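Everything numeric in this text was worked out from a predicted model, so none of it was measured. Chain letters run A, B, ... following the sequence lines, proteins first, then strands; residues in each count from 1. Values reported hereafter were calculated over all heavy atoms of this structure, with side chains retained and with hydrogens, waters and symmetry mates removed.
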Amino acid sequence: MTLNYLLKRMLGTIPLLLGVSLVLFGVLHLAPGTPMDVYADNPSVSQEALDQMKVALGLDQPLPVQYTKWVTAFFTGEWGYSIRTARPVVTEITERLWPTIILGGSSFFLALLVAVPLGVLSAVRRYSATDYGITFMSFLGISMPVFWLALMLQLLFAVQWRILPSAGMQTIGENSLVDLLRHLALPALILAFANVAGWSRYMRSSMVEVLSQDYVRTAKAKGLPHNKVVYRHALRNALIPVITVVALDFAGILSGAVITETIFAWPGIGRLFIESMNGRDYPVLLALMMLGSFALVVTNVLADLAYAAADPRIRYD
Amino acid sequence: MKFTPISQHSASRKGRLLLALTSVLLCGTALAQERGGTLTVGLSYDIDTLNVYSTGYLGDVQATVVEGLLAPDRNANYVPVLATTVPTIKNGGIKVSADGKQMSITYKLRRNVKWSDGTPFTSADVKFTWEAIKNPKFIAESKDGSEDVSSIDTPDPYTAVVNYKRVAPDYASTLFTFGIFPKHALEGKDLNTDVYNEKPLGTGPFKVKEFRRGQYVIMERNPLYWRKDSKGVQLPYLDQIVFKIIPDANTLVTQLKSGEIQMTPSVPYAQVTQLDALPNMNIVKNNVLSWQHLDFNFKGPEALRDLNVRQAFAYAINKSAISKALGGFPKPIDTVVVPVFSASNRNVVKYPYNPTKAKALLDAAGYKPGPDGIRVKNGQRMSYKILVQAGRANDEIAQQVIISSLKAVGIELQPDNKTGVAFREARYKGGYDVFYSGWITSADPVYSVFFKTGGVNNGQGFSNPKIDALLNRAENTLDPAVQKSALMDFQAELMKVLPTIPITTNLSVIAVTNKLGNFVPNPTNMTNFVNTSSWYLKK
Amino acid sequence: MTELSSPAPVPVRVVRTESPWRRFLRTFVKHKLALVGLGVLVLMGLAALLAPQLTPYTFDGQDLDIIGTPQPPSRIHLMGTDELGRDAFTRVLYGARISLSVGISSALIATLLGTLIGALAGYYRGWIDTLLMRFTDVVLSIPLLPLVILVSGMIRPSVTLLICIIGALGWMGTARLVRGQFLSLREREYVEASRALGGSHGRIMFRHILPNAIGPVVVSTTLAVGSAIMLESALSFLGLGVQPPTPTWGNLLNSASQWLQGAPWLAVFPGLMILFTVLAVNFLGDGLRDALDPRN
């Protein structure tokens, strides 16, 4: 893997993001209604003010012009102003980004920490009661509607046992890490749940495949201890395909936080997204979607890099 | 978010004024009020801005900071706040011009009131408020009343004379009750983007300590507040009020149960019974002066312009079933002026639940059942779109009862629910066939916004010269007797023409800890938080 | 399926020891969980189809005597009644109709689109491939859930529209899959032969190559049914799904969440239905994957 390759990949994301921006712009502008409709029938807003806003937002220009202007502005960091709150879009988003990264990041690692051992266990004890048990639980995880589980856990932990807060990101006036962790526990658990299920399945099948391969059998035949074979040789190779899946899911976790954030009153970008959608706050919506796509594209590249790092046979030039 | 009763996003403040009469009296006990403590309140909506004129929601938080010249009390009577008296014709505060077409109102302002930064409050602030709101560059959610005013004179720092272009009996429910802007802090600033929207400066009992978007607002005591209690103790009693933003209704209730919040101003009906069982909660029920209604779009399908059809709708709808489905909280009504008003007309034409009569009416008018049971006339099936605000659990439940009621007489209604701006747009432009929702009236109701030709909230395109004339008469007089008789006639006529079917009048449910003393559920659009200075927490 | 042994002018049929179909069946029936999954899905499908025969109630029939107070499960109401006095069992049955058809139809649309795009790209290669695959990359780079929420938020969808939206935004995986298969299969001898015989492009693509590429596509379609059902319930939670009184498992679960403590049974049954269905779909997908894997 060379720096050259990395550079090439990064440059390759630019046309991709341009394509994304075109699709998103199209979706938003082909749909009925414009941001100005918020004020259309509000007699408090005069026609004069409306026209002023239209010009300020560039909505009086033809669509291709609007698009070009928006794209160049966007890529140079000029994200405009929120229609709903009149604050800069950048401020709106950066304020909300951090909580989402905390929540998404911790649930990501939590899921990884649980999923890999489960998958390995399942593969090593293939067709045993343990395997079936884990398989069943993970299918349960894939199939469970998150909000249902979330409400149940809130009632149990916050109302019944009173050991965890039911929602929010911090106790007001407290800024300690412990406090944050207590608030993080339930939403991170919920968000991790679905991924544990999926990932442990991948881990299992990948491990099963590796374990059946010749070199593993040879290693066993050579009399290497079972555990060493499994954890030194097989695990490493089995992790490679899983890394790709896991890395790709990271961006998915961020976007999947929409519902979890609503339930747990977590002040992240998921909720900002819903609020902006109800208010047809196009500048914020576009920026959020672009950011989501950017995260997706970047994790894609990272997944490839991680893949190469884990498997010495793979070389990118 | 799903069950969040989002504000109506109404175009008009007049249409948003919310008033209620308490049915549960929370008598202030004789115990000594103690200073100190923090009250934590759960709000179900994400605050957009703390500027009371720009927000798309009712200003619960803002009401603890910003004060107006007048404010409605618990019975929706106006009491003086920054003014010393409520101006009337009798006390000389209101003068009507000789031709009876204009009026002027003189407010005597309270002395020794300071903004929380120490600057004295004067009549210049009153004048500035009007100018700032009227400024076309200011994108406000409501500018009601600002166009009625022609000029404001400030003969001295404690007198403001407001000159009106017309006789406006509703003057109190708009501009200066809503809140006064600090001239010294806002003059020359862009109100759309000013820091005021994050940290409003007011004369109220509290000031903003910290506003974390999407999370909470912490209000702390304003040490310069002007009110003192009867013993001369400086108000407010509470150290802090914390507003937490909890968008999910289930989580809101969970937080009440776990003690993480101590109050929430609006509990979904379905959850009231669970909260009733909590030992340390008071459930306060407010008879809200709002009414739910089913509107017909006069720009829509032809059949809906047929009075027989509208009458059939009215007979077909089972109002008591709707009430029952919502836990019995909303009460069936027969006219748009809700029963608590003395001008509510009990003798309008009534349409009691009677599906047989509805069917007979439709049969006689030539709407015959088709092969699928849905009636047809001239090849037009009686199948219509019904709009409600998506996510309002109570409205969606009522909608389903209405759909079922009408199906029973051979009319099909298809739900076409929308949220946010899409809903607003449909509501004001008439993007529906029939529309179920609620309107909320002020203490001095203005009905022309709903029913007059071209009225702001008249999205259904209803127009009737007789109604127009009656509303004109009611809303251009300061004589209560004239107003009442005009309103009575208006209702009688309206229920004959039937552009709208009044369904129920509502009740709002507040959950509040029984430790909170002096809590008075102020039920207007000025919210329950309009006078928080005397609230205290029992130890 | 025809297999050609040599580029001879007259194709010669090779005698097969076991047809792929038989082999598939043999492996599939060994997969117990997949059979259970299939069984559950067939049962659900039948129950949905026979809903009017299975229940004396209608899905929107309200009992005015008990309206406003949900009743617990009893002999007359197997799953109790909801807040409008409607029979919950009936609503779950009719909900199956919508939920299953949203799941199945949108999965089919996604598969059709994905197959078509993947086939064209993989078969023609060159600039068509580049164009289609770059487009696929672009759509894949947009986070799915927010995009679905955005689109259904702007045009509040009917059931049909909802199916189209979910289908139209879920084809990318299939397209990549099919393209890969086509790229390798188009070089096979039998394809060459058929081309030499003057078979039209369409015929070669859909008669000769596609049947050999169908395995992974079937698996991904199956799994897509499950995720579409989940997606509908997520949209319902946000108030953007199918509108009541038409029942779907998603909106049943959603309106029940208000009564989670007063009437928990209202949430339990539709919740279980979603769970069982998605579970069954996943089991089935697993079994199909094993059975269609040529290495088995």
Counting C-beta onward and ignoring hydrogens, is there a side-chain heavy-atom pair between B/Lys244 and A/Ile172 closer than 4.5 Å? yes
Region of B/Asn197 in contact with chain A, defined by heavy-atom distances below 4.5 Å: neither
Toward chain B, the part of A/Leu151 with a non-hydrogen atom under 4.5 Å: side chain
Do B/Glu260 side-chain atoms and A/Ser166 backbone N/O form a donor-acceptor pair below 3.5 Å? yes
Kindly compute the distance separating OG (B/Ser258) from CG (A/Leu155), expressed to the nearest 0.5 Å. 10.0 Å
Counting only N and O atoms by type, is there a donor-acceptor contact under 3.5 Å from the side chain of B/Arg213 to the main-chain atoms of A/Glu92? no
Do A/Arg271 and B/Ile245 touch side chain to side chain, with heavy atoms closer than 4.5 Å? yes
Do NZ/NE/NH1/NH2 and the carboxylate oxygens of A/Arg87 and B/Glu198 come within less than 4.0 Å? yes
OH of B/Tyr216 to CE of A/Met169: how many Å apart, nearest 0.5 Å? 8.5 Å
Got a donor-acceptor contact below 3.5 angstrom from the A/Thr85 side chain to the B/Thr49 backbone? no
Largest heavy-atom contact set with chain A, pairs under 4.5 Å, which of B/Gln255, B/Glu147, B/Lys257, B/Glu210: B/Gln255
Measure distances from A/Glu95 to the heavy atoms of chain B and classify the residue's part below 4.5 Å as side chain, backbone, both or neither. side chain
dist A/Phe157:CZ -> B/Thr254:OG1 (nearest 0.5 Å) comes out at 14.0 Å
OG1 of B/Thr193 to OH of A/Tyr81: how many Å apart, nearest 0.5 Å? 7.0 Å
Please report the interatomic distance CD1(A/Ile263) to CD1(B/Ile246), rounded to the nearest 0.5 Å. 13.0 Å
Any side-chain heavy-atom pair from B/Gln215 and A/Trp266 closer than 4.5 angstrom? no
